[in-house]
There are 2 protein chains.
Amino acid sequence: MAPGEWEVTARVERFVEPALLLALRGGRSHGYELAERLAEVIGVESVDYGNLYRLLRSLEQEGIVSSEWDDQSEGHSKREYELTDSGELLLEAWVESLRQADERIAAFLRRYDERNPT
Amino acid sequence: MAPGEWEVTARVERFVEPALLLALRGGRSHGYELAERLAEVIGVESVDYGNLYRLLRSLEQEGIVSSEWDDQSEGHSKREYELTDSGELLLEAWVESLRQADERIAAFLRRYDERNPT
DNA sequence: TGACATATATGTTATTGACATGTATATTTC
DNA sequence: GAAATATACATGTCAATAACATATATGTCA
């Protein structure tokens, strides 16, 4: 790899989870649509559907979301997901944790800029 | 797990790498001492030595740091590490990426606070 | 009818970091 | 001077995560 061309990407681990919870707070919906909201929240073009559905199922097992099939509406039959009360609490916990992460990164950047004034 | 008691920790993946580069910018040093600087940069009590030495070796293989044994100084013989020019560039790349991560988290928090005024 | 979008789902794999363990020397304490 | 502890470097193992590939079935449009 040529100097200055490393693929360094500072990713927040499991960021998709709080992002999904935030997307769900926008109202109950099905996976495929949630994927679009999610992409907007995260700021990417698209998200991985496979992992999204897996995450939804695991969140449901933990009581973070609840779901039921919706066959009434037009088109393809969908499974509609909704944030539970536990889910709201979990989102709050994530927000707290993300504030801390934000501060840790900010502290790093301050320390860098201190000795690297632009 | 009781409601409201999840262990959600928003960690930046591979954060130890930029933190180590920043610690190294403070001047050449050996692994054991770098571990202390590193802990301070990250804001934890201690870091995992095993992973640190593995990281140092892999960074050296990629030309990010250079090292040599120092048998002159008192006590235990140590290997001294130093940031190369490539290392400086990589740190810059990390800083750019971390600024973006910072902004992504900030955007998430703004979006959350929008509909959740304190 | 063939292509594409919608919708949900599972399988596989590399990367990462936590934890445990191993080795050796230096220093302190009793 | 023996034992405990700190310094210093290093490898092994494993679970969680996320990227990528694949599978399935239906709806829509040209």
Side-chain angles (χ1 to χ4, degrees), chain A residues 1 6-20 23-24 28-39 42 44-62 65 67-81 94 97 101 104, chain B residues 1 6-20 23-24 28-39 42 44-62 65 67-81 94 97 101 104:
Chain A
M1 212 171 292
W6 301 275
E7 28 96 47
V8 278
T9 328
R11 281 178 35 261
V12 177
E13 203 180 296
R14 292 177 62 201
F15 189 56
V16 74
E17 182 173 310
L20 177 58
L24 272 163
R28 71 205 316 281
S29 185
H30 57 280
Y32 200 76
E33 210 221 60
L34 283 170
E36 285 174 15
R37 289 195 209 168
L38 192 51
I42 301 180
V44 296
E45 313 84 61
S46 67
V47 296
D48 186 305
Y49 289 109
N51 291 332
L52 173 59
Y53 285 110
R54 228 190 304 249
L55 177 57
L56 281 168
R57 241 173 313 125
S58 99
L59 289 176
E60 185 165 22
Q61 277 176 5
E62 289 165 25
V65 302
S67 81
E68 50 183 35
W69 283 101
D70 167 27
D71 302 310
Q72 257 119 303
S73 66
E74 298 291 299
H76 215 301
S77 75
K78 325 173 214 289
R79 184 179 274 280
E80 289 232 304
Y81 294 89
W94 267 110
S97 188
R104 273 195 299 274
Chain B
M1 213 170 291
W6 300 275
E7 28 97 46
V8 278
T9 328
R11 282 180 33 262
V12 177
E13 204 178 295
R14 293 176 61 200
F15 188 56
V16 74
E17 182 174 311
L20 177 57
L24 272 162
R28 72 204 316 278
S29 186
H30 58 279
Y32 201 78
E33 209 220 61
L34 284 169
E36 285 173 16
R37 288 196 209 166
L38 192 50
I42 300 180
V44 295
E45 313 85 62
S46 68
V47 297
D48 187 304
Y49 290 108
N51 291 333
L52 173 59
Y53 285 111
R54 230 192 303 250
L55 177 57
L56 280 168
R57 239 171 315 124
S58 100
L59 288 177
E60 184 164 23
Q61 275 175 6
E62 290 164 23
V65 302
S67 81
E68 50 183 34
W69 283 103
D70 167 27
D71 302 309
Q72 256 119 305
S73 65
E74 299 292 298
H76 213 300
S77 74
K78 325 173 214 290
R79 184 178 275 281
E80 289 232 304
Y81 294 90
W94 266 110
S97 188
R104 274 196 299 276

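Note on naming: letters A, B, ... go to the chains in the order of the sequence lines (proteins, then strands), and numbering restarts at 1 for each one.
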Interatomic distance, [X] [atom1] vs [N] [atom2] [rounded to whole Å]:
X: L59(A); N: dT17(D); atom1: CG; atom2: P; result: 11 Å
X: W69(B); N: dT25(C); atom1: CH2; atom2: P; result: 12 Å
X: L52(B); N: dC9(D); atom1: CG; atom2: P; result: 9 Å

**Report entry** Contacts of R79(B) that satisfy side chain to side chain donor-acceptor pair (under 3.5 Å) - sequence neighbours left out
**Finding:** S67(B)
Query - With sequence neighbours excluded, residues passing side chain to side chain donor-acceptor pair (under 3.5 Å) with D48(A) - result: none
Query raised in the report: What distance separates L55(B) CG from Y49(B) OH, expressed to the nearest 0.5 Å?
Result: 15.0 Å
Query - Qualifying residues under salt bridge (charged side-chain N to carboxylate O under 4.0 Å, His left out), relative to R28(B), sequence neighbours excluded - result: E80(B), E82(B)
Query - Residue list, salt bridge (charged side-chain N to carboxylate O under 4.0 Å, His left out) with E33(B), at least two apart or on another chain - result: R37(B)
Report task. Scan nucleotides 22-30 of chain D nucleotide by nucleotide, 5' to 3', and note B when protein non-hydrogen atoms come under 4.0 Å of the base, S if they reach only the sugar-phosphate, - if neither. Result -> ---BBS---
Report summary line: Across all chains, not counting sequence neighbours, the ring-ring contact (aromatic ring centres under 6.0 Å, His included) partners of F15(B) are F108(A)
Query raised in the report: Is E33(A) touching bases, backbone alone, or none of the nucleic acid, heavy atoms closer than 4.0 Å?
Result: nothing
Query raised in the report: Got a sec, which residues hit side-chain contact (heavy atoms from CB on, under 4.5 Å) with R104(A), two or more places apart in sequence or on another chain?
Result: Q100(A), A101(A)
**Report entry** Pairing residues for S77(B) by the side-chain contact (heavy atoms from CB on, under 4.5 Å) criterion, not counting sequence neighbours
**Finding:** W69(B), D71(B)
Give me, pair by pair, the N or O atoms of the protein and of nucleotides 19-21 of chain D that are less than 3.5 Å apart, along with how far apart they are.
from, atom 1, to, atom 2, distance (Å)
dA19(D), N7, N51(A), ND2, 2.8

Report task. Please state whether the phosphate of dT17(D), meaning OP1 or OP2, lies under 4.0 angstrom from any side-chain nitrogen or oxygen of R14(A). Result -> yes
Query - Along DNA chain C (nearest heavy atom to each residue), the more 5'-positioned of E13(A) and Y53(A) - result: Y53(A)
